Amino acid sequence: MSGQGYQGKKNIPRITSDRLLIKGAIIVNDDQSFCADIYMEDGHIKQIGENLIVPGGVKTIDAHGRMLMPGGIDVHTRFQMPDRGMTSVDDFYQGTRAALAGGTTMIIDHVVPEPGVSLLSAFEQWREWADSKSCCDYSLHVDITEWHKGVQEEMEALVKDHGVNSFLVYLAYKGVFQLADSQVYEVFSVIRDLGAIAQVHAENGDIVAEEQRRILEQGITGPEGHVLSRPEEVEAEAVNRSVTVANQTNCPLYVTKVMSKSAADVIAQARKKGTVVYGEPITASLGTDGSHYWSKNWAKAAAFITSPPLSPDPTTPDYLSSLLSCGDLQVTGSAHCTFNTAQRAVGKDDFTLIPEGTNGTEERMSLIWDKCVVTGKMDENQFVAVTSTNAAKIFNLYPRKGRIAVGSDADLVLWDPDVTKIISAKSHNSNVEYNIFEGVEVRGAPLVVISQGKIVLEEGNLHTTEGCGRFVGRKPFSDYVYKRIKARSRLAELRGVPRGLYDGPVCEVSVTPKTMTPASSAKNSPAKQAVAGAQPVRNLHQSGFSLSGAQVDDNLPRRNTQRIVEPPGGRANITSLG
Amino acid sequence: MSGHSYQGKKNIPKITSDRLLVKGGRIVNDDQSFYADIYMEDGVIKQIGDNLIVPGGIKTIEANGKMVIPGGIDNHTHFQMPYRGTTTVDDFSQGTKAALAGGTTMIVDHVIPEPGSSLIEAFEQWRSWADEKTCCDYSLHVDITHWSDSVKQEVDTLLKEKGVNSFQVYMAYKDFYQMSNSELYEIFTFLGEMGGIVQVHAENGEIIAEEQARMLEMGITGPEGHVLSRPEELEAEAVFRAITIASQTNCPLYVTRVMSKSAADIISQARKKGNVVFGEPITASLGTDGTHYWSKNWAKAASFVTSPPLSPDPTTPDYLNTLLASGDLNVTGSAHCTFSVAQKAIGKDDFTQIPEGVNGVEERMSLIWEKAVTTGKMDENMFVAVTSTNAAKILNLYPRKGRIAVGSDADLVIWDSDAVRTITAKTHNSAAEYNVFEGMELRGAPSVVICQGKLVLEDGNLHATSGVGRFIPCTPFPDFAYKRVKARKQLAVLRAVPRGMYDGPVSEFSPMSRGGTPSASARTSPTKQPVRNLHHSGFSLAGKPAQRGELQLPFNLPIRFPIPGCHRKCQEPDTHTHTHTHTHTHTHTHTHTHTHTHTHTHTQQSAITFYNALHT
């Protein structure tokens with residue numbers, strides 16, 4: 001540790017960027033803004049206030065009254081992602097450089113284990129890639145690409161020993177990653193027991209597969225086939241289904257890549273009904289639309305390929321940024337996953353083979369500022385919430401990340417709301433030839449970026465260090481998410497009705513169950529079912545039922561004095577019967 | 001034919017109930033009510049009006065100003081249904097007697113083929129059971145319990161030759177009747193092409209199976225486990241999914257047994273978005289609720305077991321009646337499927353084994369009158385619509401059924417809106433020991449029922465004859481559903497973008513599919529057709545070539561192109577290119593502009609739906 005005895009005259013330490021003072025900034029958190037100086041040392045914020053007593057000779061930045069905000073957290077990246085022997089062109093070095101250039105000081109990448117490959121070994125592989133190359137702090141989501149007993153054990157290990165608290169399941173990619181509803185139910189049950197977050201890629205893969213075939217049969221092979229075969233209804237359907245399963249299992253849900261108005265609407269409605277669900281629009285869905293799939297330039301059209309696709313409805317970005325502003329959507333990512341044209345061209349004769357993903361990690365902060373703050377939809381505090389704080393809260397990084405406070409990590413951005421720039425592939429930090437925001441003029445950009453207490457962007461120059469990014473482990477049972485889940489679990493104990501044995505006649509039946517009432521099917525996968533009382537895992541909606549045990553008026557066809565209690569978060573399906 | 005020279009004095013024919021005059025009634029159709037006499041002969045309405053010239057000596061019924069309504073059509077029954085070697089207690093004779101007693105003069109039963117067996121054989125089996133016993137006219141829905149090319153062939157035959165135009169699929173009953181999403185897609189696609197109506201039993205069977213296992217593990221084995229393992233969210237989820245698939249395949253959808261508020265809400269939302277979807281609440285969901293599953297009397301609790309279950313929310317019946325009155329739900333059935341207590345007791349130790357079904361065919365009309373008309377939610381015309389006319393329209397039997405008009409079948413009910421009776425198993429016409437509406441007092445009942453031109457209920461006496469009921473064949477492409485579907489089909493042609501060949505470099509890649517981009521999976525059955533719904537036809541708007549930053553790109557190809565099938569002049573908005581880029585206000589403005597352009601080139605209807613597609 002440096003910095004002991006720094007007041008001593010003879011002991012002036014080497015002046016490194018480990019110590020940094022920012023003077024005259026407006027500090028912007030998600031709850032308030034205020035003027036103060038801020039002193040950081042060893043990658044942490046040590047002091048906030050006026051007239052700070054700091055070591056002599058520390059590097060000082062004068063903010064001139066500009067906004068200083070927590071560095072952005074990009075909750076969804078796919079750097080260096082393998083796809084059929086190819087790798088996306090931005091590796092962890094290039095990707096995190098682009099992130100830092102845009103004011104994002106932490107990324108959370110997705111580990112995508114190939115089906116058949118152990119989650120743990122895939123996780124270690126990603127760790128290795130990222131540790132050697134990442135320029136900023138990072139964390140990892142792990143995708144569940146298949147489901148069996150071993151996967152459950154590995155999930156437990158990942159949560160307990162490896163700092164993972166979020167898992168993504170796919171409702172699309174039939175025959176590859178897609179899980180059946182019953183598997184999703186079991187995965188969600190496990191996730192809830194572990195205190196993690198269930199993330200979902202929401203598209204109905206069965207219908208997508210049918211539509212893809214149909215579109216190909218019609219001779220449509222270009223990128224427009226991608227969006228035609230994945231209409232937004234199919235996205236909304238899958239969001240609705242995953243919300244239903246999450247409600248049933250009392251598991252918190254996080255919908256990645258909210259791309260369409262209808263999907264966002266389903267999330268907004270579910271939140272109004274009390275579901276613990278979060279929606280993540282991405283840079284692309286907030287900033288552009290799917291009309292480009294019809295570009296006559298194949299390479300350009302292909303550059304927009306991602307799933308769920310960008311909506312051809314040009315009012316979508318505006319709508320999604322409104323929902324982000326009002327809190328119906330909470331978090332933003334980039335889903336940055338870039339392939340160059342030669343890689344995309346793998347699907348030149350068949351759109352289903354085009355590797356998927358768009359850029360956005362560098363543009364995310366500026367684009368949201370331009371779309372939401374400049375337009376007056378949100379203030380700078382809400383901007384901090386959706387670009388950083390909410391992500392930190394959901395994924396249990398708060399207040400270490402996502403807040404400017406004493407003790408928090410020194411990941412900061414000095415924001416210039418007046419600067420304008422034109423996004424272009426010529427000047428961006430990604431390796432990809434196309435930028436889907438090409439030519440978009442955005443107002444608002446980082447002036448200085450500080451990551452781990454070091455200046456990484458100043459005067460337009462990036463000073464990043466490959467491999468200095470640390471893996472940030474995340475603990476389960478994030479308060480922001482699980483306080484409500486726990487309360488609901490406690491409420492939701494089920495009991496049977498105590499009845500005498502039925503001793504009347506019983507009809508003879510043939511042995512095999514025939515029409516109408518099949519026996520419940522055998523379980524083929526490992527979710528442990530809760531034993532009565534031991535792990536009350538009901539959601540609140542069902543909780544009222546035990547009150548109805550008292551059947552004082554059982555001879556009457558209807559009870560006249562029913563008290564209806566709407567449980568918080570309750571659909572009105574089950575009510576307490578007084 | 002009798003009745004040639006009926007004015008001749010010496011030739012007075014046998015006075016049969018084949019000729020009937022109803023005098024002084026107020027005729028109620030779904031569109032209007034008016035006073036007139038009705039003369040019918042040979043089971044058909046021959047004349048309507050005042051001072052009719054009719055043969056002498058015919059039987060005349062004085063309606064005394066009471067309402068005369070088209071006989072009810074119960075669009076959902078399960079009479080004589082086989083269940084694991086036993087049969088439901090109401091066969092076609094008993095069941096149709098109960099129907100007639102309640103003012104229903106036609107039923108539509110469900111044929112349920114065993115998975116793996118022939119649909120046509122099952123259909124013929126049901127035909128023979130019904131022909132032998134029914135006391136009123138009937139039609140049949142056929143349930144598709146498995147799917148293959150041969151089933152598809154049979155469906156084709158049933159549609160074209162056998163008089164079936166509606167087929168039910170199950171999203172529940174995992175590993176048994178349940179269809180996968182891909183199968184649903186194929187069935188919907190096929191029926192959408194052939195002019196059939198897809199009916200769906202909407203519940204998520206995957207999750208139910210999980211929940212059932214969980215309940216049983218927790219030691220909950222009684223009937224309350226039934227409703228606990230089938231929460232209404234699972235019904236709503238499946239309805240939502242079915243609507244999505246129907247919308248993708250441009251196929252009209254009919255949701256059987258709408259049991260919960262949330263499921264009904266999904267249907268009304270979808271209708272607002274323009275989906276062709278019909279919802280069928282049943283007598284039970286309109287009249288009672290699921291609190292009875294917690295009855296300490298096992299037999300009573302078990303008598304309420306049906307799927308989707310009755311909702312434990314006691315405000316459900318009122319809510320569903322309101323939606324029925326507002327037109328968000330359209331049709332009513334009873335899903336009458338009755339088992340004796342001994343049969344229900346098959347599941348005394350395991351609720352998943354309880355045979356499912358409730359009564360309701362006899363109570364349906366009175367119950368809706370009581371809940372919806374006496375409360376002022378709907379008028380008598382709407383009552384006729386939801387109990388008879390809408391069903392006839394969907395079945396493509398209108399105006400033969402569902403309307404009082406010259407040439408229509410003489411299936412009539414004289415309705416006594418003041419009659420009050422109390423429902424009880426002691427007096428009902430079903431053979432079941434329990435009645436789920438036990439003790440309810442209902443206002444409104446049939447005082448006279450005429451079926452096939454014959455008096456079957458008069459002065460409280462039922463004169464039904466087994467075996468007189470005829471099978472009424474239903475033809476495909478009912479206008480009520482298909483006019484819109486056809487219009488959308490015409491609009492929804494997809495075209496590829498004409499591009500030059502990509503001739504740049506192509507990366508090496510391993511052919512096996514992984515990491516994000518699977519190849520399309522193999523087909524199990526060959527459905528191909530252009531069936532887009534209108535929502536997707538909106539895509540042509542997206543051809544809108546106001547591309548951001550197009551000018552900066554090296555490949556500055558002309559991207560403005562007329563999209564065939566898009567009737568908009570795609571060439572015109574050259575000046576939009578730059579303004580469109582930066583501000584949302586402009587984006588909005590353009591959208592509206594184009595929408596209005598459409599108004600001129602398309603029909604009003606499609607323009608509105610376009611608008612909806614863009615703004616929902």
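Please read these numbers as outputs of a predicted model, since none were measured by experiment. Below, chain A is the first sequence line, B the second, and so on; all start at residue 1.
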Can you say whether B:Ser260 sits under 4.5 Å from chain A via the side chain, the backbone, both, or neither, judging by heavy atoms? neither
Ring-face cation of A:Lys261 near A:Tyr319 (centre distance under 6.0 Å, axis angle within 45°): yes
Out of A:Thr145, A:Ile207, A:Asp181, return the one with the most heavy atom pairs under 4.5 angstrom to chain B. A:Asp181
May I ask you to decide if A:Gln248's main-chain N or O and B:Glu233's side chain share a donor-acceptor pair within less than 3.5 Å? no
Could you grab the distance from atom CZ of A:Arg84 to atom CD of B:Glu508, nearest 0.5 Å is fine? 13.0 Å
What part of B:Asn204 lies closer than 4.5 angstrom to a heavy atom of chain A: side chain, backbone, both or neither? side chain
Angle between ring planes, B:Phe339 versus B:Tyr83, binned at 30° and 60°: parallel, tilted or perpendicular? perpendicular
Check for a donor-acceptor pair, side chain of A:Glu211 on one end and backbone N or O of A:Ser229 on the other, with a separation under 3.5 Å. no
Which bit of A:Val266 comes within less than 4.5 Å of chain B, counting heavy atoms only: side chain, backbone, both or neither? side chain
Considering only heavy atoms and a distance below 4.5 Å, find which of A:Glu224, A:Arg78, A:Gln178 pairs most often with chain B. A:Glu224
Between B:Gln212 and B:Thr352, is there a side-chain donor-acceptor contact under 3.5 Å, judged purely by atom types and distance? no
Could you tell me which portion of A:Gln269 (side chain, backbone, both or neither) has an atom closer than 4.5 angstrom to a non-hydrogen atom of chain B? side chain
Region of A:Tyr293 that comes under 4.5 Å of a non-hydrogen atom in chain B: backbone
So for B:Tyr319, is it side chain, backbone, both, or neither that comes closer than 4.5 Å to the heavy atoms of chain A? neither
Choice from B:Ile423, B:Thr86, B:Thr145, B:Thr244 maximising heavy atom contacts with chain A below 4.5 Å: B:Thr244
Just give me the residue among B:Arg241, B:Lys348, B:Gln343 that pairs up with chain A most often, heavy atom to heavy atom, under 4.5 Å. B:Arg241
Is the backbone N or O of A:Ile305 less than 3.5 Å from a side-chain atom of A:Arg344, with the two atoms forming a donor-acceptor pair by type? yes
Does any heavy atom of chain A fall under 4.5 Å from the side chain of B:Gln269, the backbone, both, or neither of them? side chain
Residue part contacting chain B, namely of A:Ala301, when any heavy atom lies under 4.5 Å: side chain
Could you check which of A:Val234, A:Asn340, A:Asp349 has the highest count of heavy-atom pairs closer than 4.5 Å to chain B? A:Val234
I'd like to verify something: which residue of A:Asn204, A:Ile220, A:Ile423 has the highest number of heavy-atom pairs under 4.5 Å with chain B? A:Ile220
Indicate whether any N or O donor in one side chain lies under 3.5 Å from an N or O acceptor in the other, for B:Ser507 and A:Gln343. no
Quick one: does any side-chain atom of B:Gln178 pair with a main-chain N or O of B:Asp175 as donor and acceptor, under 3.5 Å? no
Which one, A:Gly219, A:Gly222, A:Pro223, A:Ala172, leads in non-hydrogen pairs under 4.5 Å with chain B? A:Pro223
Below 4.5 Å from any heavy atom of chain A, which atoms of B:Ala302 appear? Answer side chain, backbone, both or neither. neither
Going by atom types only, do A:Asn297 and A:Ser295 share a side-chain donor-acceptor pair under 3.5 Å? no
